[in-house]
Amino acid sequence: MHHTAIIFLEFGAVLLGLGVLGALALRAGISAIPLYLIAGLAFGTGGVLPLATSEEFISIGAEIGVVLLLLTLGLEYNADELVSSLKGNARAGIVDLVLNAAPGAILALLLGWGPVAALAMAGVTYATSSGITAKVLSDLGWIGNRETPTVLSLLVFEDLTMALYLPILTATLAGLSLLNGAIAVGIALATVTVVLLVALRFGKWIEAFVASPNNEVLLLKIVGLALLVAGIAQELQVSAAVGAFLVGIALSGQLAHDAQALLAPLRDLFAAVFFVFFGLQTDPTKILPVAGIAAALALVSMLTKLATGMYAARRAGISKAGQARAGIALVPRGEFNIVIAGLAVAAGAHPDLGPLAAAYVLILAAFGPLAAKLVQPLFEAIAKRA
């Protein structure tokens with residue numbers, strides 16, 4: 001059979017299968033991310049039906065998926081919101097960083113994986129899934145609650161921290177010397193700073209360049225700009241994902257709203273491909289040996305995120321029920337965690353890091369929304385009693 005025909009057959013079967021899995025997730029009221037990861041495990045090495053030809057094609061789609069995920073995440077905020085959030089919630093954000101990065105780093109060191117894997121695992125356990133959390137807040141009607149701005153501000157703080165963390169991780173994974181690593185990180189941080197300053201001072205000019213009354217032209221400009229900046233960022237030792245995130249931050253107002261609506265279907269398509277590709281890189285036979293460790297780490301992470309949300313909400317004067325809701329809303333892990341683990345796996349940080357991260361995200365991406373849904377009646381009873 002012709003090579004191109006095989007790619008079309010395999011890729012078409014993957015997308016059709018993902019559509020079926022997405023429909024099942026919608027019916028069950030859970031995130032589709034765990035199902036996409038399982039599909040990748042099934043199609044990868046050691047799975048029940050390994051792909052023979054299209055893996056390289058899927059890997060390119062996965063890279064685009066990361067860029068679009070971070071681009072749309074950046075569109076949620078503008079540069080002013082990012083700076084004000086950093087100032088107003090710095091203390092809670094630091095508590096979030098310490099409590100939730102520590103478990104991953106400590107576990108990697110205890111397992112003898114070394115400092116590079118520890119740095120990667122710190123990111124895997126730190127970041128909340130903004131996408132899943134936003135869906136939980138929307139589905140359960142928590143958007144208008146008093147604790148929701150606190151939750152969102154923590155997500156913004158995490159996103160900004162990731163913008164600084166990813167360049168450091170990329171340089172470390174590249175195995176650069178101390179001097180070269182410091183230079184690479186310095187260039188990365190300078191790039192992030194310059195882009196933020198440009199977004200703050202010249203955001204209107206960027207929006208004027210990108211804006212168009214025609215949806216087709218607008219979509220082409222935004223995606224083209226995001227991929228261009230992502231490529232430049234990658235060349236400067238800044239993660240391509242961070243470059244795309246900063247492009248999103250530079251756009252605001254009605255333009256950002258219109259861009260989100262246009263990008264949503266494209267983002268969801270390539271993001272699903274990304275989660276599948278991460279599964280393809282992970283041998284499912286290696287997940288079982290680390291499943292117990294992943295479950296224990298997930299339990300610790302649930303407790304630390306719950307403590308983080310309750311602390312931040314208490315500082316904002318929120319009631320106990322609202323504090324608990326804030327903590328539970330922060331539990332899910334998803335896109336950012338897999339991005340970090342994918343970078344580490346590609347760099348060969350440790351062979352068990354990928355399976356452990358996959359199992360960890362599977363547990364929290366599925367259990368986070370489920371836990372919020374299960375405790376909703378309890379919160380309602382507490383509110384009525386109060």
Side-chain angles (χ1 to χ4, degrees), residues 17-18 20-42 44 62 65-66 69-70 72-73 100 103-104 120-121 123-140 142 151 154-155 158-159 162 241 267-268 270-282 284 287 290-291 293-306 308-309 327-342 344-345 353-375:
L18 292 179
V20 173
L21 292 175
L24 292 174
L26 281 174
R27 179 163 295 189
I30 62 172
S31 166
I33 291 176
L35 300 183
Y36 294 157
L37 287 172
I38 291 171
L41 294 172
V66 176
L69 271 171
L70 274 295
T72 52
L73 193 61
N100 295 287
M121 281 301 299
V124 169
T125 57
Y126 167 56
T128 295
S129 169
S130 299
I132 299 177
T133 294
K135 184 170 177 56
V136 168
L137 295 173
S138 175
D139 291 349
L140 296 181
W142 293 359
V151 172
L154 284 173
L155 295 180
E158 288 185 3
D159 294 338
M162 285 291 106
R267 175 205 62 198
D268 293 342
F270 284 103
V273 172
F274 167 71
F275 292 121
V276 168
F277 182 68
F278 181 81
L280 290 176
Q281 293 179 302
T282 305
I287 286 184
V290 298
I293 298 174
L297 184 60
L299 178 60
V300 171
S301 293
M302 290 176 202
L303 296 175
T304 53
K305 279 295 184 184
L306 185 62
T308 298
I328 289 176
L330 293 170
V331 165
R333 305 298 201 277
E335 55 275 9
F336 243 142
N337 317 84
I338 296 297
V339 169
I340 294 165
V345 169
L353 194 151
L356 178 61
Y360 173 81
V361 170
L362 276 169
I363 293 168
L364 292 181
F367 184 77
L370 183 61
K373 184 172 290 188
L374 289 175
V375 299

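The chain is numbered in sequence order, starting from 1.
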Residues in side-chain hydrogen bond (donor to acceptor under 3.5 Å, both in side chains) contact with Asn337, at least two apart in sequence or another chain: none
Working for side-chain contact (heavy atoms from CB on, under 4.5 Å), residues Leu155 and Leu330: CA-CA 8 Å; Leu155 295 180; Leu330 293 170; 4.1 Å; yes
Taking every non-hydrogen atom, the tightest pair across Leu297 and Gly104: CD1-N, 4.3 Å
Lys305 side-chain N/O to Tyr126 backbone N/O, donor-acceptor pair under 3.5 Å: yes
Non-neighbouring partners of Ala272 that pass side chain to side chain contact (heavy atoms under 4.5 Å, CB included), sequence neighbours left out: Leu18, Tyr36
Which atom of Ala358 lies closest to which atom of Ile287, heavy atoms considered: CB-CD1, 4.4 Å
Least distance between heavy atoms, Ala329 atom then Thr133 atom: O-OG1, 2.8 Å
Over all atoms of both residues, closest heavy-atom pair of Pro103 and Thr125: C-OG1, 4.5 Å
Residues in side chain to side chain contact (heavy atoms under 4.5 Å, CB included) contact with Val345, at least two apart in sequence or another chain: none
Only distances under 3.5 Å count here; give the side-chain donor-acceptor pairs of residues 359-367 to other protein atoms, sequence neighbours excluded, each with its distance to 0.1 Å.
residue : atom : partner : partner atom : Å
Tyr360  : OH   : Ser301  : OG           : 2.7
Tyr360  : OH   : Arg333  : NE           : 3.4
Tyr360  : OH   : Arg333  : NH2          : 3.4

Set of side-chain hydrogen bond (donor to acceptor under 3.5 Å, both in side chains) partners for Thr308, sequence neighbours left out: Asn100
